[in-house]
Amino acid sequence: MSNLFDLSGKNAVVIGATGALGGAIAQALGDAGAVVAVCGRSEERGGQRVEAIRSAGGKAEFFTVDASSLESMRQLKDAVKNRIGAATILVNAAGGNDPKVTVTPERPFETIEAADWAANFDLNLVGGALFPCQVFGPAFAEAGGGSIINIASVSAHLPLSRVVAYSAAKAAVLSLTQFLAREWAPQKVRVNSITPGFFPAEQNRALLFKEDGTPTPRAQSILDHTAMKRFGTAEELGGAAVFLASDVASGFVTGSDIRVDGGFLSQTI
């Protein structure tokens, strides 16, 4: 049997690779031999990730994309094909929570504006999964197969306090993943998801840590609920992504969700 996790000869598109988690996944795919299209809005952060992949001996190129635009996604597919060749691996890592739809004592649930709710779904479901799947999925099917990896969240399984819109959107990502897995299985396109637990990153660090570096009350609650009693590191997502990207390692895996959460979802109280 060939190397289970060798992605040599494969081209991978990672949308949201300019972020911490998407960037770490892009790095892992590059380390496994794939040529990586590092995709996002920030050319500066994208360039840094490309350089990191190349420094480790991999191959990567940066591509600008606006995940909220279907036309931008179509242009991305064509640009990737022209510059590095047609892709057969897609990772959808774009997304995030908008403070405007975060429930707080000062901003109760009933005050959320419909437009802000819709914008959150546009970010996490439409741009974060729907558009890229609509564009790349049929191309994978035409090429004879491929692997699509959506990024969900622990809050998609059990909604977290405060982030109601984000939780609902990520739950929809899980549902879309399972629908597409069945829809495209005859064309050998596998569609799976990864559920990350809690990984400190630039956008959530202020919510998790005080100025002295100790956990905030919310962070401590998360740690108390996590079986491994720690946060994850972005690099710990890489193995799951490489597994799902590999046709050899996960050729009979579709419609599945891999939890990389330190046991957060294995506990109730």
Taking C-beta and beyond as the side chain, do [X] and [Y] meet within less than 4.5 Å on heavy atoms?
X    : Y    : result
V164 : F109 : yes
I222 : H225 : no
P196 : L237 : yes
V191 : F179 : no

As a quick check of understanding, evaluate side chain to side chain donor-acceptor pair (under 3.5 Å) for T216 and Q220, giving each step before the final call. CA-CA 6 Å; T216 62; Q220 190 59 56; over 6 Å; no
Could you tell me which residues satisfy side chain to side chain contact (heavy atoms under 4.5 Å, CB included) with E71, sequence neighbours excluded, listed by chain and number? S69, R74, Q75
Run the side chain to side chain contact (heavy atoms under 4.5 Å, CB included) test against Q134 and tell me which residues pass, sequence neighbours left out. L70, L130, F131
Polar side-chain atom of [X] near backbone of [Y] as donor-acceptor pair, under 3.5 Å:
X    : Y    : value
R162 : V103 : no
N124 : K170 : no
E61  : A37  : no
S221 : P217 : no
N192 : S256 : yes
S167 : A156 : no
S266 : G263 : yes
H157 : L265 : no
S72  : D66  : yes
S250 : F243 : yes

Consider only side-chain N and O atoms of R182 and T254, and report whether a donor and an acceptor are under 3.5 Å apart. no
Is there a donor-acceptor contact under 3.5 Å linking the side chains of S68 and D122? no
Spell out, yes or no, whether [X] and [Y] are grouped together once hydrophobic residues are joined by side-chain heavy atoms under 4.5 Å, including indirect joins.
X    : Y    : value
I15  : L123 : no
V173 : W117 : yes
F5   : V253 : yes

Between F198 and F264, does the ring centre distance come in under 6.0 Å? yes
Can you tell me how far the [atom1] atom of [X] sits from the [atom2] atom of [Y], to the nearest 0.5 Å?
X    : Y    : atom1 : atom2 : result
K77  : F140 : NZ    : CZ    : 10.0 Å
D6   : S246 : CG    : OG    : 8.0 Å
T111 : E106 : OG1   : CD    : 10.5 Å
I149 : I89  : CD1   : CD1   : 7.0 Å
I194 : L21  : CD1   : CG    : 10.0 Å
S153 : N97  : OG    : CG    : 9.5 Å

Specify the closest pair of heavy atoms between [X] and [Y], including all atoms of both residues, with the distance to one decimal.
X    : Y    : result
G30  : I53  : CA-CG2, 4.2 Å
D257 : S193 : OD1-OG, 2.6 Å
V50  : A60  : CG1-O, 3.6 Å
R190 : L244 : NH2-O, 2.9 Å
Q267 : A227 : NE2-N, 3.3 Å
I25  : A241 : CG2-CB, 3.7 Å

With a 4.0 Å cut-off, would you call [X] and [Y] a salt bridge?
X    : Y    : value
E44  : R49  : no
K10  : D247 : yes
K229 : D224 : no
D98  : K100 : yes

Counting heavy atoms not belonging to [X], are there more than 12 under 6.0 Å from its [atom1]?
X    : atom1 : answer
E43  : CD    : no
E211 : CD    : no
R83  : CZ    : yes

The salt bridge (charged side-chain N to carboxylate O under 4.0 Å, His left out) partners of R107 (sequence neighbours excluded) come to none
Side chain to side chain contact (heavy atoms under 4.5 Å, CB included), that's the test. Do T88 and N11 meet it? Break it down for me. CA-CA 6 Å; T88 54; N11 296 328; 5.9 Å; no
Evaluation steps, ring pair (Phe, Tyr, Trp, His ring centres under 6.0 Å), between F231 and F209: CA-CA 12 Å; F231 294 114; F209 299 104; 5.7 Å; yes
One pair to check against side chain to side chain contact (heavy atoms under 4.5 Å, CB included): I148 and C133. What are the steps and the verdict? CA-CA 8 Å; I148 296 174; C133 286; 3.9 Å; yes
